[in-house]
Amino acid sequence: MLRKTVLLLALVDQVLVLENGLLRTPPMGWLAWERFRCNTDCHEDPKNCISERLFMEMADRLAQDGWRDLGYTYLNIDDCWIGGRDDKGHLVPDPKRFPRGIAFLADYAHSLGLQLGIYEDLGNFTCMGYPGTTLDKVFQDAQTFAEWKVDMLKLDGCFSTSEEKAKGYPMMAAALNATGRPIAFSCSWPAYEGGLPPEVNYSLLTDICNLWRNYDDIQDSWSSVLSVLDWFVDHQDILQPVAGPGHWNDPDMLLIGNFGLSFEQARAQMALWTVLAAPLFMSTDLRTISAQNVDILQNPLMIKINQDPLGIQGRRILKEKSHIEVFLRPLASETCALVFFSRRTDMPYRFRSSLAQLNFTSSSVYEAQDVYTGNVISGLRAETNFTVVINPSGVVMWYLYPVKKLETSQQ
Ligand code: GLA
């Protein structure tokens with residue numbers, strides 16, 4: 001009897017679970033929204049309006065400027081692409097701004113070794129008022145996206161009730177499965193329900209979505225980065241365990257390259273998002289981004305840490321009265337990443353610590369590579385005192401790896 005029940009449950013599970021095998025590491029790419037919003041004025045602003053041209057130009061940059069080869073492969077459309085529905089109810093893109101259609105853009109992306117993401121909204125309208133996916137349209141729209149050869153769907157949650165979302169998100173996961181095309185599924189559902197249990201069921205989300213927005217939209221300012229970070233840290237006991245290969249918390253896009261962050265703050269967002277095992281979606285103009293910002297986003301060690309195969313989300317492990325905080329992310333092969341983060345606003349702060357103070361009990365000798373400068377600090381034992389100099393609203397980030405096991409004298 002028990003065996004039968006288990007079998008039955010396993011079968012039910014198979015139907016509900018998103019079985020696409022995708023995003024074993026956090027997705028990386030480019031997403032239009034934060035920088036380009038709902039600019040539809042192609043007459044006045046042809047270079048920056050939401051249009052085929054914008055996505056093709058970003059695709060060219062992703063392919064030609066080293067992004068794709070580092071892993072930034074997703075080219076993701078956000079709101080404001082929809083023109084309406086045809087007489088059979090199929091979604092159609094705005095004919096003026098996307099004259100060759102979405103299948104054409106997907107082919108273009110694929111020809112460059114990229115993947116195309118699209119946006120819809122479970123509800124009567126998208127957040128900007130374009131036609132949404134109502135419950136009766138879920139299967140049809142999933143089929144349309146698959147026919148266009150789309151690779152990721154961000155399904156937003158404006159203009160629907162909690163009940164509709166509770167039906168619609170699992171239904172879309174099933175509909176995407178049913179297309180037979182692997183389509184990564186980004187769910188905004190938790191962000192609309194406060195992001196926390198009991199309203200949000202993270203074990204269900206883990207089964208049906210590859211990533212999910214937990215919290216408010218990021219805006220182009222440091223205060224916005226801090227508000228997102230604070231929320232994630234305040235709730236890390238709930239959020240940290242639910243992330244893993246194939247299912248990620250999404251604190252929203254990277255602002256790097258835009259207008260609101262200083263150099264130190266840009267480095268800080270990159271380091272913090274990386275220890276949080278966050279998706280790395282840039283939302284900036286890749287045609288004009290500065291070399292300094294490219295360096296932050298294209299740091300190979302940073303990307304290796306973000307893409308660590310264990311997929312363990314990091315945590316804040318220390319909060320000092322001095323307004324210094326330390327984050328730790330465990331990585332494969334007994335390595336880890338440490339981020340020393342300063343919330344100070346005065347001057348570079350000399351933070352003195354030791355691995356023992358950061359709860360390392362290991363009997364190893366470690367070496368640390370500074371992720372931004374490349375400097376190597378060697379001979380670190382648990383009790384070794386060290387000093388890191390952290391700039392205001394900046395970080396020092398270490399990649400820490402054991403180099404030698406010590407004899408344990410006590411036992
Ligand atoms: C919501 C989402 C944003 C963006 C806009 C588009 O606010 O959270 O990320 O997709 O809608 O209208």
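Numbering of ligands and ligand atoms starts at 1, following listing order. Owing to the predicted nature of the structure, the values given are computational and were not obtained by experimental measurement.
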Quick one: pull up CZ in R316 and CG in L328 and give me the separation to the nearest 0.5 Å.
13.5 Å
How far does CZ of F360 sit from OH of Y366, to the nearest 0.5 angstrom?
5.5 Å
Tell me the protein heavy atom at minimum distance from atom 11 (O) of ligand 1, and give that distance in Å.
D156 OD2, 2.9 Å
Can you tell me which residue and heavy atom of the protein come closest to atom 4 (C) of ligand 1, and the distance to 0.1 Å?
D78 OD1, 3.4 Å
At what distance, to the nearest 0.5 angstrom, does CG of L31 lie from OG of S283?
5.5 Å
Quick one: which ligand 1 atoms are inside 4.0 Å of a heavy atom on R213?
8 (O), 9 (O)
Heavy-atom contacts with C127 under 4.0 Å: which atoms of ligand 1 show up? List them by number with element.
1 (C), 11 (O), 12 (O)
Nearest heavy atom to atom 9 (O) of ligand 1, choosing from M253, K154, M128, E34, belongs to K154
List the closest protein heavy-atom neighbour of atom 7 (O) of ligand 1: residue, atom name, distance to the nearest 0.1 Å.
D217 OD2, 2.6 Å
Taking all non-hydrogen atoms of both residues into account, name the closest pair between P197 and I238 and its distance.
CD-CG2, 3.7 Å
Run the ring-centre check on F340 versus W398 and record whether the distance is less than 6.0 Å.
yes
Are L91 and I82 close enough that some pair of their side-chain heavy atoms sits under 4.5 Å apart?
yes
Considering only heavy atoms of D79, which atoms of ligand 1 have at least one such atom less than 4.0 Å away?
6 (C), 12 (O)
